[in-house]
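Numbers for residues simply follow the sequence, beginning at 1.
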Amino acid sequence: QPPLRTVMTPESAAASTVVPVPGSGEPLAVPESVRLLIVDDDETYLTLCTRYLRKDAAQRYEIVTAADAESALTACAATLFDCLLIDYGLRGGTGTELIGTLRSRLGSALPPFVLISADESAGAATQAVRSHAADFLSKREVSASSLGRSIRNAVENRVDVRPTLS
């Protein structure tokens, strides 16, 4: 199975994908359909998160999944995502290392991101805070409602940092 695939709900296929961009420094409205990249090397967990989000009655999602950092970088080069959901413990590195690479490539265009982890130590949560994650979720605690709420909050609280044209 390829490391990158697109999953869309029937509702999201018909949804507008235009993101309103108000003046600089203002919170952005949550788009009708949130473009989300989920990065996790555990196929079962990717499927679980996708199922949870498909059931979210409050928000529609266009979901792209990546099984590794390289696939995630390729996806981010090709698509402007509204939010990223990244596993802290990826094979060959960490989610925060991936964020560092994305930050150097995308700069202020880096979308908000939520880190998830099976690691229940304080280390993963501390790294999430240091990397400026919008949220940190323990995989053990993830539910359909907590996942949807965390992603919606990340998108809602994102601030447009692009300069306005005068």
Self-check item: Nearest heavy-atom neighbours spanning A66 and A72
Solution: CB-N, 3.6 Å
Practice problem: Please list, chain by chain and in numerical order, all residues satisfying side chain to side chain contact (heavy atoms under 4.5 Å, CB included) with A57, sequence neighbours excluded. | Solution: none
Quiz item: How far apart are the closest heavy atoms of E141 and S146, and which atoms are they?
Solution: O-OG, 3.8 Å
Quiz item: Does some side-chain heavy atom of V34 sit less than 4.5 Å from a side-chain heavy atom of F81?
Solution: no
Quiz item: Which atom pair, heavy atoms only, marks the closest approach of I86 to G95?
Solution: CG2-CA, 3.7 Å
Practice problem: Name all residues meeting the side chain to side chain contact (heavy atoms under 4.5 Å, CB included) criterion together with R105; count only those two or more places apart in sequence or in a different chain, and write none if there are none. | Solution: L73, T101
Practice problem: Could you tell me whether the side chain of R91 and the main chain of D68 form a donor-acceptor pair under 3.5 Å? | Solution: no
Self-check item: Partners passing side chain to side chain contact (heavy atoms under 4.5 Å, CB included) against T44 (at least two apart in sequence or in another chain)
Solution: D42
Quiz item: Hey, what do you get for CZ (R149) to CG (D56), rounding to the nearest 0.5 Å?
Solution: 10.5 Å
Exercise. Compare every heavy atom of D41 with every heavy atom of G89, then report the nearest pair and how far apart it is.
Key: O-OD2, 3.7 Å
Practice problem: List for me each residue that meets salt bridge (charged side-chain N to carboxylate O under 4.0 Å, His left out) alongside R140, sequence neighbours excluded, and say none if there are none. | Solution: E120
Quiz item: Do T50 and Y61 touch side chain to side chain, with heavy atoms closer than 4.5 Å?
Solution: no
Quiz prompt | Polar contact flag, side-chain donor to acceptor under 3.5 angstrom, T74-S71 | solution = no
Self-check item: Residue pair L85 / C49: nearest heavy atoms and the distance that separates them
Solution: CD2-SG, 4.2 Å
Practice problem: List in chain and number order the residues that pass side chain to side chain contact (heavy atoms under 4.5 Å, CB included) with T96, two or more places apart in sequence or in another chain; answer none if no residue qualifies. | Solution: Y88, T94, L115, Q127, S131
Exercise. Take K139 and D87, measure what salt bridge (Lys or Arg N to Asp or Glu O under 4.0 Å) needs, and give me the verdict at the end.
Key: CA-CA 9 Å; K139 284 187 173 183; D87 182 21; 3.4 Å; yes
Practice problem: Please identify each residue that fulfils salt bridge (charged side-chain N to carboxylate O under 4.0 Å, His left out) with D135, with sequence neighbours left out. | Solution: none
Quiz item: What are the two closest heavy atoms between D119 and F136, and how far apart are they?
Solution: O-CZ, 4.3 Å
Quiz item: Could you go step by step and tell me if L98 and L84 meet the side chain to side chain contact (heavy atoms under 4.5 Å, CB included) rule?
Solution: CA-CA 11 Å; L98 172 58; L84 310 174; over 6 Å; no
Self-check item: Test item: R35 side-chain N/O and L80 main-chain N/O as donor-acceptor pair under 3.5 Å
Solution: yes
